[in-house]
K.L.:
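Take a look at the following structure, please.
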There are 2 protein chains.
Amino acid sequence: MAEELNVGLLMFIAHRAMENRVFAAVANAGYGDVTIAQARLMARISSTGSRLTTLAESAQVTKQTAGFLVDQLERAGYVERVPDPADGRARLVLLTDKAKEVLPLANGEAAAVEAEWEKHIGKRRMAQLRETLTMLREITDPYL
Amino acid sequence: MAEELNVGLLMFIAHRAMENRVFAAVANAGYGDVTIAQARLMARISSTGSRLTTLAESAQVTKQTAGFLVDQLERAGYVERVPDPADGRARLVLLTDKAKEVLPLANGEAAAVEAEWEKHIGKRRMAQLRETLTMLREITDPYL
DNA sequence: TACTTTAATCAGAGACTCTGACTATCTCAA
DNA sequence: TTGAGATAGTCAGAGTCTCTGATTAAAGTA
């Protein structure tokens, strides 16, 4: 069944496999209360704290959605909100120690998956893939 | 901000951009009643008809979810269900003429996006990208 | 100071997905 | 041929994610 899927779809397949693996590893390590949507947002929180609006923009969701997800992350102990000293309207979302345990774990699994991929396609192709995807990001990432 | 995102995340960014473009083109052409989830499923329906279970498996959702989406596609006139002559339990989901108008349109926009990408990264990199992603599919697509 | 913009929240609704339970039909082995 | 188990699909209920619209509070600006 060697159909000619478009490149976007092929990316979807690989990305989903990666996400499932990382999600499973995180859940398996005892952090089973984080959902994929929450994790996607959490991954974008800066180590020095992020505003909700920034988070929403970079994750490409509305600020209401971002607020909803941060509420849950806060309740689960992964983030906390503090007043933004630079702006009385804003609050900074900060990662807690608990989050700082999970994130390396998730990154580690992602690296492991990448290593498996590299084993399958070879070092050269993997390097080209990363280079090409980074170039594509320049024209496909509305945030950066 | 040249962070080192993992390859899975980079794919997510590009894929989402592609999906948004295709979705917008379809909506713009007057087919604004199809959602992304419905479209993802519809794209997997074989021209000779597909069973719900097959569809669910290939889209990686439960058969209940697939059934829910097919219900909506049926109500909107994009698919119809007929008895499967080969199995009394099963029904075949068939694309209607309306669906056969939309799908080329969606594929056309996807091709247009790919052409833009190729213009940005070059013909050689585009060919390599497709080749590499196809190889990755071998180990990341649980369906095929 | 008055007007406009921005950050965040509240309220309500719709869409997507899942688990569990069930019926009808098919397959296969005794 | 018949009975047990597997498979295709549906119904019911719940949780999660996402959106639009309206509101409040604080900044920025003329």
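All values below come from the heavy atoms of this structure, side chains included, with hydrogens, waters and symmetry mates left out. Each chain gets a letter, A, B and so on, in the order its sequence line appears, and its residues count up from 1.
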K.L.:
Under a plain distance cut-off of 3.5 Å, with no hydrogens placed, do A:Q72 and A:Y78 share a side-chain donor-acceptor pair?
P.N.:
no
K.L.:
With a 4.0 Å cut-off on heavy atoms, is A:D87 in touch with a base, just the backbone sugar-phosphate, or nothing at all?
P.N.:
sugar-phosphate
K.L.:
Take the protein atom NZ of A:K63 and the nucleotide atom P of D:dA22, then report the distance between them rounded to whole Å.
P.N.:
14 Å
K.L.:
Do the charged groups of A:R125 and A:E118 touch, with an N to O distance under 4.0 Å?
P.N.:
no
K.L.:
With a non-hydrogen cut-off below 4.0 angstrom, is A:R81 in contact with a base, only sugar-phosphate, or nothing?
P.N.:
sugar-phosphate
K.L.:
Remember a base hit wins even if backbone is also touched, and classify A:Q72 as base, sugar-phosphate or nothing at under 4.0 Å, heavy atoms.
P.N.:
sugar-phosphate
K.L.:
Grab the CD-P distance between B:E57 and D:dA6 for me, whole Å please.
P.N.:
17 Å
K.L.:
Relative to the 5' end of DNA chain D, which residue comes earlier, A:L69 or B:S50, by the nucleotide with the nearest heavy atom?
P.N.:
B:S50
K.L.:
Among the candidates D:dC19, D:dG9, C:dT17, find the nucleotide nearest to the side-chain atoms of A:T65.
P.N.:
D:dC19
K.L.:
Answer with base, sugar-phosphate or nothing: what part of the nucleic acid does A:T53 contact at a heavy-atom distance below 4.0 Å?
P.N.:
sugar-phosphate
K.L.:
With a 4.0 Å cut-off on N to O distance, would you call B:E57 and B:K63 a salt bridge?
P.N.:
no
K.L.:
Between B:A90 and A:R89, name the one whose nearest nucleotide on DNA chain D is closer to the 5' end.
P.N.:
B:A90
K.L.:
Of all the nucleotides listed (D:dC19, C:dC16, C:dC26), which has the minimum atom distance to the side chain of A:V61?
P.N.:
D:dC19
K.L.:
So which of A:L55, A:L95, A:V70 actually passes side chain to side chain contact (heavy atoms under 4.5 Å, CB included) with A:M42?
P.N.:
A:L95
K.L.:
When all nucleic acid strands are considered with a 4.0 Å heavy-atom cut-off, which category describes B:Q38: base, sugar-phosphate, or nothing?
P.N.:
sugar-phosphate
K.L.:
Is A:G88 touching bases, backbone alone, or none of the nucleic acid, heavy atoms closer than 4.0 Å?
P.N.:
sugar-phosphate
K.L.:
So, does the side chain of B:Q64 form a donor-acceptor pair with the base of C:dG20 at under 3.5 Å?
P.N.:
yes
K.L.:
May I have the distance from A:F68 (atom CZ) to C:dA15 (atom P), rounded to whole angstrom?
P.N.:
17 Å
